[in-house]
Amino acid sequence: MTRKVRVRFAPSPTGGLHLGGVRTVLYNYLYARRHGGDFVLRIEDTDQTRFVEGAEAYIFNCLDWCGLTPDESPVKGGPFPPYRQSERKALYREYADKLIKNGQAYYAFDTSAELEAMREKLKAAGSHSLQYDHRSRMNMKNSLSLPAEETQKLLDDGTPHVIRIKINPGETISFTDLIRGDLSFDTGNSDDKVLVKADGMPTYHLAVVVDDYLMQISHAFRGEEWLPSAPVHILLWKYLFGLDAMPQWAHLPLILKPDGNGKLSKRDGDRLGFPVYAMDWKDPNSGELTKGFKEIGFLPEAFINLLALLGWNDGTEQEVFSLEELVDKFSIDRVHKGGAKFDFEKAKWFNHEWIKRSSAARLAPLVKETLEANNISNIEEDYLYKVIDLVKDRCTLVPDFYTQSSFLFERPASYDEASIKPKWDDAKRDYFKTLADTFRSSTGFSVEQIEQQFKQLATEKNIKVGELQMIFRIMLVGSKMGPGVFVIAEMIGKEETVGRIEKVLSIL
RNA sequence: GCCGCGUUGGUCAAGGGGUUAAGACGCCUCCCUUUCACGGAGGAAUCACGGGUUCGAUUCCCGUACGUGGUACCA
């Protein structure tokens, strides 16, 4: 049985888009592209209490930045609309009713206080399971424990109620996970999950099954945290649509915090000083801003690359992959089973590699932005390209372009005088005075020429070139850093070079 | 607690009955550069533990430990 590959990413729009979420998108996207399938984005907004303004648009922005644009989505549309679960509310009811009619689900009227009381009671009794399940449900207020007439009366009175799946013990649910292989669960351990909430909205459990069916999803990739509820979903598939229509499952390993243990969270990023979200996220309620990979200076190419390699590799030594290469080489069965601790140092290495490999044209808009943020404007494009090619090897994050090249645009704000003074004397002063004059009166100003004049004068004055070069560098750059000094001099030009020499001469 | 999933250097990881157990990040040393990077050459560092199976287990099986996820009218 082969059918068209259709995958989906189904985020809940409740805040920033987490690293792990983007990786899930990526694996979905890669699988779809690899197999000529469709990638759909479905918004799982069934919890109205968790609605966050702007969160949905933010997700679209992140996906666009990453270059992982869906084929079908709430904004783009597609053959199976709507793509927001809140707008599909009416659809789910018929399936819930079908389950009830077949005795596979039931009404439950327990209040949250009663549920809490049940757990307390079970705990007090030393029970191993505090669940609403085959052991406890007959002690609760539901259509299984109540006489039919009473249930009907409650329903007629409009008593708030939920619909729960009825899971009986004694059955083994088996399935093959694309990453973990054959898995099986005993239904005796599953609880009677709520399928439809009191407000009439489906829970994730019902919605995911109904929507995956209706949207003809062929492969369902999601985080490992869903594994324990997989048997419930499979049961639902069995009851509602038959196992033949069910997508193939793949439960992705978690991304863990670098130190200690546990799932990586936004808090860890704040604490350890690195982003966890793809892009800046401003919480509309608290006004709190959380930094994103984009804004601290990551290239989307690098971000995608690092995420792909967090839990997957192609079996060779290659580590730097473009999206196209990933599409070509990605395979779900090479995804790891175990979680991976996030390492920000390695993440930066990926970005550094991508900056080194990117053309000046690719980098120019980003570099320009970072320079402008530091009040360097009116940059000529040709010059900018030259600067980028000159310094990109030493830039890890985009903002590094400012620190690595500001002296090619403006005079140093300060000078590392401490490195000059010990070696400073009248002979050196005389040398640089003469050097400035020599430059000023010479006709050309090429690297070769500068170097030649610089060294010739040193020979004439009988001073070691090395010492002079260091001082010259500090005059032009302000500190002991940057590309070759003569190259810098040529870049900034004769006037400016002379000006900078004389400026330092005046303060020493 | 119960249920599930996992475990190769500090981190990402290749490998999968017999190997000197790859490679990368980070760290250290040296070379290059009279700067800082880049680049190059080296170095330290790993199969969680205990039982099996086997001529032989890092690799297969079973336990244990540890980690992690779930145990919501959240996804």
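Labels below follow one simple rule: chain letters A, B, ... track the order of the sequence lines, proteins then strands, and each chain is numbered from 1.
Rounded to an integer number of Å, the gap from CG of A/Leu206 to C1' of B/A75 is 14 Å. Distance A/Glu224 CD to B/C3 P: 18 Å, rounded to the nearest Å. Taking atom NZ on A/Lys337 and atom C1' on B/U8, their separation rounds to 14 Å, with Å as the unit. One interatomic measurement links the two molecules: CD1 of A/Ile255 to P of B/G6, which rounds to 18 Å at whole-angstrom precision. Distance CD (A/Gln318) to C1' (B/A22): 16 Å, rounded to an integer number of Å. Atom NZ in A/Lys257 sits about 13 Å away from atom C1' in B/G67, given to the nearest Å. Going from atom NZ of A/Lys89 over to atom P of B/C73 covers 18 Å, rounded to whole Å. Between A/Leu130 atom CG and B/C3 atom P there is a gap of 13 Å when expressed in whole angstrom units.
Using C1' as the reference atom, B/G10 and B/U46 are 11 Å apart when rounded to the nearest Å. Only the C1' atoms considered, B/C66 is 22 Å distant from B/A57, to the nearest whole Å. Rounded to the nearest Å, the gap between the C1' atom of B/A24 and that of B/U59 is 23 Å. Atom P of B/U19 sits at a distance of 28 Å from the matching atom of B/C25, rounded to the whole Å. Across B/G23 and B/G9, the matching C1' atoms stand 13 Å from one another, rounded to whole Å. Spacing between B/G16 and B/U11 at atom C1', rounded to whole Å, works out to 22 Å. Rounded to whole Å, the separation between the C1' atoms of B/A45 and B/C28 comes to 12 Å. B/G26 and B/G63 have their P atoms separated by 41 Å, given to the nearest Å.
The stretch residues 176-197 of chain A touches RNA chain B through A/Arg180, A/Leu183, A/Phe185, A/Asn189, A/Val194, A/Lys197, each having a heavy atom within less than 4.0 Å of the strand. Of the residues in residues 108-116 of chain A, those lying under 4.0 Å from RNA chain B by heavy-atom distance are A/Asp110, A/Leu115.
Considering only side-chain atoms of A/Glu345, the nucleotide from B/C25, B/U35, B/C2 that sits closest is B/C25. Distance from the side chain of A/Met470 is smallest to B/U35 among B/U35, B/A75, B/G70. Taking the side chain of A/Asp47 as heavy atoms from C-beta on, and the options B/C73, B/U71, B/C74, the nearest nucleotide is B/C74. Ranking B/C73, B/A22, B/U68 by closeness to the A/Val162 side chain, first place goes to B/C73.
A donor atom on one side chain and an acceptor atom on the other are not found under 3.5 Å apart for A/Asp47 and A/Tyr204. Judged by distance alone, the side chains of A/Ser265 and A/Asp268 do bring a donor and an acceptor atom under 3.5 Å apart. No side-chain donor from either of A/Glu448 and A/Gln452 sits under 3.5 Å from a side-chain acceptor of the other. For A/Asp314 and A/Thr316, the side-chain atoms include at least one donor-acceptor pair closer than 3.5 Å. No side-chain N or O of A/Asn28 forms a donor-acceptor pair with one of A/Arg8 less than 3.5 Å apart. Using modelled atom types, one finds no donor on one side chain facing an acceptor on the other under 3.5 Å when comparing A/Thr172 with A/Asp186.
Partner of A/Phe293 under the ring-ring contact (aromatic ring centres under 6.0 Å, His included) criterion, out of A/Phe303, A/Trp281, A/Tyr277: A/Phe303 alone.
Every residue meeting the ring-ring contact (aromatic ring centres under 6.0 Å, His included) condition with A/Phe344, not counting sequence neighbours, appears here in chain and number order: A/Phe274. Remark: A/Tyr132 engages no residue in a ring-ring contact (aromatic ring centres under 6.0 Å, His included) (not counting sequence neighbours). Residues that satisfy the side chain to side chain contact (heavy atoms under 4.5 Å, CB included) test with A/Ser414, not counting sequence neighbours, are absent from this structure. With sequence neighbours excluded, the residues that form a salt bridge (Lys or Arg N to Asp or Glu O under 4.0 Å) with A/Lys238 are A/Glu171. When the ring-ring contact (aromatic ring centres under 6.0 Å, His included) test is applied to A/His134, no partner is found at least two apart in sequence or on another chain. Residues satisfying the ring-ring contact (aromatic ring centres under 6.0 Å, His included) criterion with A/His161, sequence neighbours excluded, are A/Tyr107, A/Phe109. Partners of A/Lys428 according to the side chain to side chain contact (heavy atoms under 4.5 Å, CB included) rule, which considers only residues two or more places apart in sequence or in another chain, are A/Lys423, A/Trp424, A/Asp425, A/Ile463, A/Glu467, A/Leu468, A/Ile471.
No engagement by A/Pro160 is indicated, since no non-hydrogen atom pair under 4.0 Å with the nucleic acid exists. Using a 4.0 Å heavy-atom distance criterion, A/Ser479 is classed as making no nucleic acid contact. Among the protein residues, A/Lys348 comes within range of no part of the nucleic acid, since none of its heavy atoms lies under 4.0 Å from any strand. Nucleic acid contact for A/Arg119: sugar-phosphate only, since backbone atoms but no base atoms lie under 4.0 Å from a heavy atom of the residue.
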With 3.5 Å as the limit, what N/O pairs link the protein to nucleotides 37-42 of chain B?
from, atom 1, to, atom 2, distance (Å)
B/A37, N3, A/Arg394, NH2, 3.1
B/C38, O3', A/Lys356, NZ, 3.2
B/G39, OP1, A/Lys356, NZ, 2.8

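Shown here is A/Lys123, whose NZ atom has no more than 12 heavy atoms of other residues, nucleotides or ligands within 6.0 Å. Sparse packing is recorded around NZ of A/Lys337, with 12 or fewer heavy atoms of other residues, nucleotides or ligands lying under 6.0 Å away.
Ring centroid separation for the pair A/Phe221 and A/Tyr27 does not come in under the 6.0 Å cut-off. Ring-centre distance between A/Trp237 and A/Phe175: not below the 6.0 Å cut-off.
In RNA chain B, consecutive stretches of 3 or more Watson-Crick or G-U wobble pairs with both distances under 3.5 Å are given as paired ranges: B:1-7 with B:65-71, B:10-12 with B:23-25, B:27-31 with B:39-43, B:48-52 with B:60-64.
Between the CZ atom of A/Phe407 and the CD1 atom of A/Ile492 there is a distance of 9.5 Å, given to the nearest 0.5 Å.
For B/A75, the OP1/OP2 oxygens have no side-chain nitrogen or oxygen of A/Arg50 closer than 4.0 Å. The phosphate of B/U34 has OP1 or OP2 within less than 4.0 Å of a side-chain N or O from A/Gln469. For B/U71, neither phosphate oxygen OP1 nor OP2 lies less than 4.0 angstrom from any side-chain nitrogen or oxygen of A/Ser129.
Mapped onto RNA chain B by nearest heavy atom, A/Leu254 and A/Ser127 fall at different nucleotides, with A/Ser127 at the one closer to the 5' end.
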- prompt: How would nucleotides 9-14 of chain B be written as a contact map, 5' to 3', with B for base contact, S for sugar-phosphate-only contact and - for no contact, using protein heavy atoms under 4.0 Å?
  reply: --SSSS
